[in-house]
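Worksheet: the structure to be examined is printed underneath.
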Amino acid sequence: MKKLILALLIGGLMMTGISAKTAVVYFSATGTTERMAKNAAQTMGADIFEIQPVHKYSDADLNWHDKKSLSSIECNDPKSRPEIKAVVSTGSTTVFDISAYDTVVVCYPIWWSYAPKIVYTFVESQNWSGKKMIALCTSGGSGLGRSGSDLAKFAKGVDFKGGRDFTRGSGADVKKYIDGLLK
């Protein structure tokens with residue numbers, strides 16, 4: 001009987017959100033990072049949110065060969081902080097509130113060895129005190145580099161656990177990696 005009561009109490013605590021909660025927050029301009037983030041969130045049973053820019057990036061905006069493209073201009077300006085239209089739950093209008101989560105997995109593409117500046121806008125807009133952050137990226141070849149630790153510098157009070165490039169890999173690979181970081 002005691003075991004049954006204990007199991008019911010633990011189950012009730014988990015259902016009310018007292019257990020650790022994880023959110024996956026992503027920015028994706030082409031869909032590559034979105035696929036990785038959705039696979040990771042589904043495998044981990046995490047809530048997922050998309051950072052939506054006011055200005056949706058066109059192919060011309062993303063042309064890294066053009067020094068006058070929007071993404072090139074943003075990446076070359078350390079003070080650039082593109083405006084966010086919304087950070088919403090995929091498939092609904094729920095607005096993201098970091099206070100409900102213990103761990104936030106921030107997913108983004110690598111642009112010129114860094115996270116896109118809109119990700120900095122997001123990170124700076126949140127209260128990270130007592131929160132854990134993990135950075136996951138997709139990349140055409142440069143990998144995570146310092147992008148995760150650079151973002152953590154702008155997330156005041158965060159406990160940055162680390163990060164990795166998951167351009168290739170399954171949701172199960174991401175879950176195993178994150179579980180290892182949180183032990």
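In this chain, residues are counted from 1 in sequence order. Hydrogens, waters and symmetry mates are skipped; everything else that's a heavy atom, side chains included, is used.
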Stepwise, does the side-chain contact (heavy atoms from CB on, under 4.5 Å) test hold for V119 with L151? CA-CA 8 Å; V119 180; L151 280 174; 3.7 Å; yes
Q52 vs V88, side-chain contact (heavy atoms from CB on, under 4.5 Å): CA-CA, chis, key distance, verdict: CA-CA 8 Å; Q52 297 177 342; V88 297; 3.5 Å; yes
Begin from the C-alpha positions of D47 and K21 and carry the test salt bridge (Lys or Arg N to Asp or Glu O under 4.0 Å) through to its verdict. CA-CA 8 Å; D47 294 339; K21 285 188 71 178; 3.8 Å; yes
CA sep, side-chain torsions, deciding dist, call: D179, K183, salt bridge (Lys or Arg N to Asp or Glu O under 4.0 Å): CA-CA 6 Å; D179 287 347; K183 282 186 180 181; over 6 Å; no
Quick one, T103 with I134, criterion side-chain contact (heavy atoms from CB on, under 4.5 Å). Give me CA distance, side-chain angles, the key distance, then yes/no. CA-CA 8 Å; T103 302; I134 297 169; 4.2 Å; yes
Given the rule in the side-chain contact (heavy atoms from CB on, under 4.5 Å) test, do K132 and L182 qualify, once you have shown the distances and angles that lead to the verdict? CA-CA 9 Å; K132 297 176 193 93; L182 295 177; 3.6 Å; yes
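Expressed to the nearest 0.5 Å, how far CD1 of I84 lies from OG of S125 amounts to 5.5 Å. Rounding to the nearest 0.5 angstrom, the gap separating the CZ atom in R164 from the OG atom in S139 is 13.0 Å. Here NZ of K67 is found 8.5 Å from CG of N76. Values are rounded to the nearest 0.5 Å. Here OG of S142 is found 7.5 Å from CG of D165. Values are rounded to the nearest 0.5 Å. Rounding to the nearest 0.5 Å places CD of E50 at 3.5 Å from OH of Y26. Rounding to the nearest 0.5 Å places OG of S80 at 9.5 Å from CD1 of I118.
Y108 and I73 sit in two unconnected hydrophobic clusters of ILVMFWY residues. Membership requires side-chain heavy atoms under 4.5 Å apart, directly or through other members.
Seen from the ring of F154, R81 counts as a face-on cation partner, given the 6.0 Å and 45° thresholds.
The backbone N or O of N39 sits less than 3.5 Å from a side-chain atom of T43, completing a donor-acceptor pair. With hydrogens and angles ignored, the 3.5 Å screen pairs no side-chain donor or acceptor of S89 with any backbone N or O of F49. Within the 3.5 Å criterion, the main-chain N or O of D61 finds a donor-acceptor partner in the side chain of S71. A donor-acceptor contact shorter than 3.5 Å is absent between the side chain of W64 and the backbone of S69.
Under the 4.5 Å side-chain criterion, counting only non-hydrogen atoms from C-beta, I178 is in contact with V105. By the 4.5 Å heavy-atom criterion applied to side chains, V158 and M133 are counted as neighbours. In this structure, the side chains of M36 and C107 come closer than 4.5 Å at one or more pairs of heavy atoms. Side-chain contact between K38 and I48 is present, with heavy atoms from C-beta onward closer than 4.5 Å. Residues W111 and E74 meet the side-chain proximity criterion, which asks for heavy atoms closer than 4.5 Å. Put simply, the side chain of V104 reaches to within 4.5 Å of the side chain of W128, judged on heavy atoms. Looking at heavy atoms from C-beta onward, F122 lies in side-chain contact with V25 at the 4.5 angstrom threshold. Between V24 and M44, some side-chain heavy-atom pair lies under the 4.5 Å cut-off.
Between Y120 and Y114, the gap from one ring centroid to the other reaches at least 6.0 Å.
T138 and T33 form a side-chain donor-acceptor contact under 3.5 Å, judged by distance and modelled atom types alone. Counting only N and O atoms by type, the side chains of S147 and D150 include no donor and acceptor under 3.5 Å apart.
In plain terms, the two heavy atoms of F160 and G163 that are nearest each other are CZ-N, 4.2 Å. The heavy-atom pair separating A46 from T22 by the smallest distance is CB-O, 3.3 Å. The two residues P109 and P116 come nearest to each other via the heavy atoms O-CD, 3.0 Å.
Electrostatic pairing of K175 and D173 does not count as a salt bridge here, judged by no charged N lying under 4.0 Å from a carboxylate O.
Within 6.0 Å of atom CD in E124, more than 12 heavy atoms from other residues, nucleotides or ligands are found, so the atom counts as buried in its surroundings.
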